[in-house]
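Here the structure is laid out as structure tokens; the discussion comes afterwards.
Hydrogens, waters and symmetry mates play no part in the numbers below; they use all other heavy atoms, side chains included. Naming: A, B, ... by sequence-line order, numbering from 1 per chain.
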Amino acid sequence: MRVIIDGIEVDVEPNSTLYQLSKKSRKRDVLIAKINGKLYDLSRAVGDIAKEGDVIEFLTFDDKEGKEVFWHSTSHLLAAAVKKLYPDALPTIGPPIDEGFYYDFYNLKIGDSDLPKLEEEVKKLVKDDVKFERIELTKEQAREMFKDNKFKLEIIEESNEALSAYRDGPYVDLCRGPHIPSSGYIKAVKLLKLSGSYWRGDSKRETLTRIYGISFPKESLLKEYLQILEERKRRDHKVIGKELELFMFTEISPGSPFILPDGFVVYNELLQYARELDKKHGYMEVMTPFIGRTELWKKTGHLEKYRENMYEVVPFSDENDKYVLKPMNCPFHIAIFNAKTRSYRDLPFKLSEFGIVHRYELEGTLDGLLRTRVLQQNDAHVFVSEEQIEDIVSEIIEMMNETFRLFDMKPIFVLATRPEKRIGSDELWDKAENALRNVLEKIGVNFTVKEGDGAFYGPKIDVYVLDFTGKPEYAYAVSTVQLDFNLAGLLGAKYMGKDDREHVPIIIHRAILGSIGRFMGIVLEHTAGNLPLWLTPIQVVILPVSKKYEDFANSIAGKMRERNIRVTIDGSESTLEYRIRNARLKRIPYIIVVGEKEMNEGTLTVRVRGQKDLIKTEIEKFVEKIEYKIHSRSMDLSLN
RNA sequence: GCCGCCGUAGCUCAGCUCGGUAGAGCGCCGGCCUCGUAAGCCGGUGGUCGUGGGUUCAAACCCCACCGGCGGCUCCA
């Protein structure tokens, strides 16, 4: 028969295996074959699955699906290893994930210290180069084979396709396949961590023990991966924040950051940036209360839908006078809108607030500044008519883009469309979704669509920012713009239209930086603590070589302070080397050493963060240059 | 909330397996050095071992509960 490999037609024996065929491909280290969109084991005979003229594609570890199969096969080895050391454990499922694989077991009680033993067992299987053997099963046979495993039985009963199992060495697992030909392809394995999980992700069902791992066809790839993990730790904003004394946490208020003096400099700069941006686009800033009567939140539906995330506030002296600590600002902004009779001439009505909101997040989800129980939002609500949606959203997306450019961040836009359960007419949803889509297309940003992921009250665009790995799965959620057809009506917001009739405005919720604190955490990770000049708590440090030069240092510092440059002098009684080291560890952008030479010449010798060579410059020039850099919020520190 | 790990000096961590009066480095304080680009030398200071209970003649160490932190709990054989 004839099939197509690498775009070339070849003659093949129908009973030759795909493995034999793969030798005709240019690709090496082939793991599986893809025919008509389906993946097959290389041990299969061509004639059994391919038709005359079919395209046969061979996949390797470099292909996404190849990787998945590779990792999935490794998870089977893990299951085999667990079965050997803990015969009473029941394997459930073991899929590949974005980075590696996991396998969930029932009735397995182990700790981190047991992982090395398991890893050894997996490595033994790898060394034995066990074959993955496919076994086709009828439902009846499958039931019999897995009669002791209620989880597998559940899967069997739900299935209506042909069933199969795979044998790798002593272990047989129900599996759709395909698999890599044998375990010898795996050259490096690492079991990474342990966690709990639930059968089918359902907290009402059995608790399982999940083992995470990863594997590679080359030892060097594992090394690279472990380096990425190291880098993630190195960039962890919690670690950096502690090192630089930017913020802290204590159990006296779990999940709520204490922003320290240096951190508050950064925080305030971000706040000021966001404030300027809003002002530039005609937002009116307001401040509203922290608490509101419980009735309000009942009316908005929060009490019902958002209850588990809210705090109740009750005065000790009258426990019947109940309030809710606001988790959002929107109802209060509507109150401001409602305080006067509004007309179409007032629209778009733009209110912004750096409102501090409290949300009771589950203990296990807290994560430094990235997930807290108190946050200051870069929040705004725009009250618009239907026709205005597109313009306003467009403006908001531009504001976001301006921000991402400033921080050199790469955004991902995600359009979330109507969910099953929703309010509002289909016409309105059509209009709103189209408006969002049009804006994204007009501005020319790449975006993906998540069908059905919108809120019940309207569609939205969520914006994520890639982290240093560039993997979308690890992107930070940053900005959002959401259309809301619901809330204005619930709280009685209306305006008089040109037609002399009352209309209910549509509310656009939006956040650019998201939350200020959270954004600070993201910037810290994004820059690995090397904050842009305008954000650094100390922009310049001057180190006099010895006490003799302190006056000179003071005079320079004075000139800088006049220009609002944040400068300190470290004239402490330690060696120059020691003080330089400290300044570097603090990631201060400019470290200036002054001594005899500089005093005589009126120059500065500057050590620029991230640069090897020392720069010699005149005082005035230096001050002017960095003053400009600070004001323009430049990312570039270079003085040339 | 659930699973696993962790909590010892201001910070990073050792000590816990095998119970017997608490250690290191950094920091901080003092002294010497007066210094030219990533840690100068010497001395000192510093701990209710997360909290509470239990076992024991004796608990940082063993057991239980609680508090807090970290990783995970969406990826369907």
Side-chain angles (χ1 to χ4, degrees), chain A residues 68 71-72 75-76 79 91-105 108-115 137 142 146 149 151-159 161 163-166 172-177 179 192-212 229 232-233 236 238-239 242-243 245 248-255 308 360-368 473 543-549 571-586 591-598 605-607 612-614:
Chain A
E68 282 169 7
W71 284 335
H72 180 205
S75 86
H76 272 240
T92 65
I93 59 168
I97 51 176
D98 296 327
E99 286 183 7
F101 59 87
Y102 68 75
Y103 210 116
D104 280 347
F105 300 92
L108 176 65
K109 298 248 176 307
I110 56 170
D112 285 347
S113 53
D114 299 308
L115 290 182
L137 298 169
F146 295 98
N149 187 323
F151 303 97
K152 299 285 180 190
L153 285 176
E154 195 175 318
I155 293 162
I156 291 166
E157 291 317 316
E158 281 169 13
S159 167
E161 17 177 332
L163 293 158
S164 59
Y166 277 78
V172 180
D173 200 348
L174 182 72
C175 182
R176 169 162 45 208
H179 278 285
L192 295 165
K193 58 197 169 195
L194 222 49
S195 103
S197 66
Y198 301 106
W199 174 235
R200 305 251 140 131
D202 182 349
S203 60
K204 288 184 201 71
R205 304 211 48 186
E206 292 86 342
T207 299
L208 308 174
T209 301
R210 175 170 298 182
I211 303 174
Y212 285 90
L229 292 187
R232 272 197 198 131
K233 252 189 239 158
D236 188 324
K238 298 185 286 294
V239 177
K242 198 173 215 173
E243 248 175 72
E245 296 182 81
M248 58 171 237
F249 289 87
T250 108
E251 60 188 79
I252 63 180
S253 186
E308 63 280 11
Y360 188 77
E361 302 287 354
L362 285 183
E363 174 199 332
T365 61
L366 297 173
D367 180 19
E473 315 80 68
L543 312 179
V545 172
S546 75
K547 280 256 182 308
K548 272 187 280 180
Y549 310 106
S572 59
E573 306 230 357
S574 335
T575 59
L576 224 211
E577 282 91 338
Y578 184 84
R579 288 177 283 153
I580 287 172
R581 179 165 194 270
N582 280 341
R584 290 191 54 146
L585 291 175
K586 281 265 176 206
I591 301 169
I592 295 176
V593 174
V594 293
E596 195 65 28
K597 249 188 313 188
E598 288 77 11
T605 310
V606 188
R607 184 189 265 270
K612 266 199 205 126
D613 300 328
L614 302 180

query = When all nucleic acid strands are considered with a 4.0 Å heavy-atom cut-off, which category describes A/Pro96: base, sugar-phosphate, or nothing?
reply = sugar-phosphate
request  = Could you tell me whether the phosphate oxygens of B/G4, OP1 or OP2, come under 4.0 Å of any side-chain nitrogen or oxygen in A/Lys109?
outcome  = no
note = Atom NZ of A/Lys152 and atom P of B/C76 are separated, to the nearest Å, by 14 Å
request  = Please answer whether the main-chain N or O of A/Thr92 pairs with a side-chain N or O of A/Lys152 as donor and acceptor at a distance below 3.5 Å.
outcome  = yes
B/G43 and B/U21, which share atom name C1', separated by this distance in whole Å = 25 Å
ask   = In B/S/- notation, 5' to 3', how is nucleotides 30-47 of chain B contacted by protein heavy atoms closer than 4.0 Å?
value = ---BBBBBBBB-------
query = Which value, in whole Å, describes the distance between the P atoms of nucleotides B/A22 and B/A60?
reply = 8 Å
query = Among all residues two or more places apart in sequence or in another chain, which pass the ring-ring contact (aromatic ring centres under 6.0 Å, His included) test with A/Tyr360?
reply = A/Tyr311
query = In whole Å, what separates the C1' atom of B/A59 from that of B/U51?
reply = 16 Å
ask   = Heavy atoms under 4.0 Å, any strand shown: does A/His72 hit a base, just sugar-phosphate, or nothing?
value = sugar-phosphate
query = Touch check for A/Leu208, heavy atoms < 4.0 angstrom, all strands: base, sugar-phosphate only, or nothing?
reply = nothing
request  = Inspect the contact between A/Lys238 and A/Asp236 and indicate whether a charged nitrogen and a carboxylate oxygen are less than 4.0 angstrom apart.
outcome  = yes
inquiry  = Could you tell me how far apart A/Met248 (CE) and B/C11 (P) are, to the nearest whole angstrom?
reply    = 10 Å
ask   = Say you pick atom C1' in B/C16 and the same atom in B/C49; how far apart are they, in whole Å?
value = 11 Å
Between C1' of B/C3 and CD of A/Glu206, the distance in whole Å = 14 Å
request  = Quick one: list whatever passes ring-ring contact (aromatic ring centres under 6.0 Å, His included) with A/Phe101, sequence neighbours left out.
outcome  = none
Pairs: protein N or O with nucleotides 69-74 of chain B N or O, under 3.5 Å:
from	atom 1	to	atom 2	distance (Å)
B/G71	N2	A/Leu194	O	3.3
B/G72	O3'	A/Tyr212	OH	3.1
B/G72	O2'	A/Ser195	OG	2.5
B/G72	O2'	A/Tyr212	OH	3.0
B/G72	N2	A/Gly196	O	3.4
B/C73	O4'	A/Gly196	O	3.4
B/U74	OP2	A/Gly201	O	3.4

request  = For the residue pair A/His76 and A/His72, categorise the inter-ring angle as parallel (less than 30°), tilted (30 to 60°) or perpendicular (more than 60°).
outcome  = perpendicular
query = Considering residues at least two apart in sequence or located in another chain, which fulfil the ring-ring contact (aromatic ring centres under 6.0 Å, His included) criterion with A/Phe151?
reply = A/Tyr106, A/Trp199
request  = Calculate, to the nearest 0.5 Å, the distance between atoms OH and NZ belonging to A/Tyr198 and A/Lys204 respectively.
outcome  = 10.5 Å
ask   = Does A/Lys233 have any side-chain contact (heavy atoms from CB on, under 4.5 Å) partners at least two apart in sequence or in another chain, and if so, which?
value = A/Glu230
